[in-house]
Chemist: 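One structure is given below, represented as structure tokens, and several questions about it will come after.
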There are 2 protein chains.
Amino acid sequence: MSGEDNLLKLVEAEEPDENDYRLQEQVGFILRKAHQRHVSIFAARIADLTPPQFAALAKLRDVGETSQNQLGTLIAMDAATVKGVIDRLKARGLVELSKHEVDKRRLLVNLTAEGRDAVERLIPLAREITQETLAPLSAKEIATFMKLLAKLA
Amino acid sequence: MSGEDNLLKLVEAEEPDENDYRLQEQVGFILRKAHQRHVSIFAARIADLTPPQFAALAKLRDVGETSQNQLGTLIAMDAATVKGVIDRLKARGLVELSKHEVDKRRLLVNLTAEGRDAVERLIPLAREITQETLAPLSAKEIATFMKLLAKLA
DNA sequence: TTGATATCATTTGCATACGAATGAATTTGG
DNA sequence: CCAAATTCATTCGTATGCAAATGATATCAA
């Protein structure tokens, strides 16, 4: 092997082939597909609610009445997005809105009785959705995956 | 401990506490957040193109001219979505459309010279985006994570 | 106290994302 | 060969998701 060959190999090893970019192997692309698959599984099991809508209801069940903005922070939605989600839940009678007595900027959100019933009814299905999403992995793999995924999120 | 206590424990063990559903630990919720983080990193490095738009360009670079539908399959977008993406790329002169000579249903998509230049220029940035997205993980963790994520997608 | 800042909510505009319906063209099966 | 099924593309409606601008209110600091 000549010295030039060694140099070439070295360069290739340090600077991965310019012509070789595999979209299918990029984490962003696979993350997008994995998310799509999960949403699809969700829709198959819970047809009348989207994952963000369910997230809002589940979080309200946890924390009780909160401001719209605070809820958005808790479920990772910006103000514009959370407004749309809450509007639709309100239109369906699953949440109710009220004004904060002291801080007049805040819009308080809470579950209605119907909303609470809905969450309680859906939580078992949500557990199944989680299971089905993770079904391609073994129990051990699931533990590893969830740990690493949490680091990325 | 009474027999009733034992029964209670057994039931709790089989049927995980009804009142204990933690949204923050569900794979779908974390997957959504990880995806959001990636999109945010992407936008910070490549301001004038979205991840789906870049995916279309990168895939066209790989496979050359294809039908709009086929491209959608390759980058995991349904027909309605891919149409919008291609329309916007076309409006910016990055791809060009033509009709398939034989099969008149098909709309062929290809990179323009400008589109090809853009992809080549952006691929190094895309590599950096992948790296930054995975930065919270060690090299070993990255290998593990990508293997498991691929199984889920 | 008041002027600068910060926070909360809303609105607009743009870009995925997908189900469902439609129309045109092709392929398949009898 | 021809009717049925399939494929490709488009359109419509609905739902995130985010940046940027705006207005109202609250907090902070000089």
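All chains are named by letter (A, B, ...) in the order of the sequence lines, taking the proteins before the strands, and each is independently numbered beginning at 1.
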Chemist: What is the minimum heavy-atom distance between A:K59 and A:I75, and which atoms define it?
Modeler: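 Where A:K59 meets A:I75 most closely, the heavy atoms are CB-CG2, 3.6 Å.
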Chemist: Please determine whether residues B:V119 and A:F29 belong to a single hydrophobic cluster, defined as Ile, Leu, Val, Met, Phe, Trp and Tyr linked transitively by side-chain heavy-atom distances below 4.5 Å.
Modeler: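 Looking at the clustering, A:F29 is in the same group as B:V119.
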Chemist: Please tabulate, for the side chains in residues 46-57 of chain B, all donor-acceptor contacts under 3.5 angstrom to protein atoms that are two or more places apart in sequence or on a different chain.
Modeler:
| residue | atom | partner | partner atom | Å |
| --- | --- | --- | --- | --- |
| B:T50 | OG1 | B:Q53 | N | 3.3 |
| B:Q53 | OE1 | B:T50 | N | 3.1 |

Chemist: Could you walk me through whether B:H38 and B:I129 pass the side-chain contact (heavy atoms from CB on, under 4.5 Å) check?
Modeler: CA-CA 8 Å; B:H38 171 261; B:I129 289 165; 3.7 Å; yes
Chemist: So if I take residues 44-60 of chain B and measure heavy-atom distances to DNA chain D, which residues fall below 4.0 Å?
Modeler: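 Contacts with DNA chain D under 4.0 Å: none.
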Chemist: How would you give the extent of chain B contacts on DNA chain C, as first and last nucleotide 5' to 3' within a 4.0 Å heavy-atom cut-off?
Modeler: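 Under 4.0 Å from chain B, the extent on DNA chain C is C:dA15 to C:dT26.
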Chemist: What is the nucleic acid contact for A:V102, judged by heavy atoms within less than 4.0 Å: base, sugar-phosphate only, or nothing?
Modeler: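 Here A:V102 touches the backbone only, sparing every base.
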Chemist: Quick one, which residues of residues 32-42 of chain B touch DNA chain D with a heavy atom under 4.0 Å?
Modeler: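 Those residues whose heavy atoms fall under 4.0 Å from DNA chain D, taken from residues 32-42 of chain B in numerical order, are B:R32, B:Q36.
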Chemist: Distance check needed: D:dT16 P versus B:D78 CG, whole Å only.
Modeler: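 Those two atoms, CG and P, are 17 Å apart.
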Chemist: Any side-chain to backbone donor/acceptor pair from A:Q36 onto B:A76? Under 3.5 Å, distance only.
Modeler: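 Yes.
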Chemist: Check whether any side-chain N or O of B:T112 sits under 3.5 Å from a backbone N or O of B:N110 as a donor-acceptor pair, and report yes or no.
Modeler: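 The answer is no, because no donor-acceptor pair under 3.5 Å joins these two groups.
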Chemist: So do the side chains of A:Q131 and A:R127 get within less than 4.5 Å of each other, counting heavy atoms only?
Modeler: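 Sidechains of A:R127 and A:Q131: no contact.
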Chemist: Verify the cluster assignment for B:L71 and B:L94: are they in a single hydrophobic cluster under the rule of side-chain heavy atoms below 4.5 Å apart?
Modeler: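 Yes, because B:L71 and B:L94 connect within a single hydrophobic cluster, where side-chain heavy atoms sit under 4.5 Å apart.
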Chemist: Which side-chain N or O atoms in residues 143-153 of chain B pair as donor and acceptor under 3.5 Å with protein atoms at least two apart or in another chain?
Modeler:
| residue | atom | partner | partner atom | Å |
| --- | --- | --- | --- | --- |
| B:T144 | OG1 | B:K140 | O | 3.2 |
| B:K151 | NZ | A:E141 | OE2 | 2.9 |

Chemist: Is it the case that one hydrophobic cluster holds both A:L107 and A:V82, taking links as side-chain heavy atoms less than 4.5 Å apart, direct or via other members?
Modeler: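 Yes, it is one cluster - the side chains of A:L107 and A:V82 are joined through contacts under 4.5 Å.
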Chemist: So which protein nitrogen or oxygen atoms get under 3.5 Å of nucleotides 5-9 of chain D's nitrogens or oxygens?
Modeler:
| residue | atom | partner | partner atom | Å |
| --- | --- | --- | --- | --- |
| D:dT7 | O2 | B:R105 | NH1 | 2.7 |
| D:dA9 | OP1 | B:L107 | N | 2.4 |
| D:dA9 | OP1 | B:L107 | O | 3.2 |
| D:dA9 | OP2 | B:N69 | N | 2.5 |

Chemist: Report the residue (A:A76 or B:D87) whose heavy-atom-nearest nucleotide on DNA chain D is the more 5′ of the two.
Modeler: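 By nearest-heavy-atom nucleotide position, the 5'-most residue is B:D87.
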Chemist: Could you pick out which residue, A:G84 or A:A80, lies toward the 5' side of DNA chain D when each is mapped onto its nearest nucleotide?
Modeler: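 So the residue in question is A:G84.
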Chemist: Please tell me whether B:L31 and B:L134 are part of a single hydrophobic cluster in this structure, the criterion being side-chain heavy atoms less than 4.5 Å apart.
Modeler: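 Linked within one cluster.
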Chemist: So does A:K90 pair up with A:E96, basic N to acidic O under 4.0 Å?
Modeler: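 Not counted as a salt bridge, because no side-chain N and carboxylate O are separated by less than 4.0 Å.
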Chemist: Against A:D103, only a single residue in A:H100, A:K99, A:R105 fulfils side-chain hydrogen bond (donor to acceptor under 3.5 Å, both in side chains); can you say which?
Modeler: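 Single pass found, and it is A:R105.
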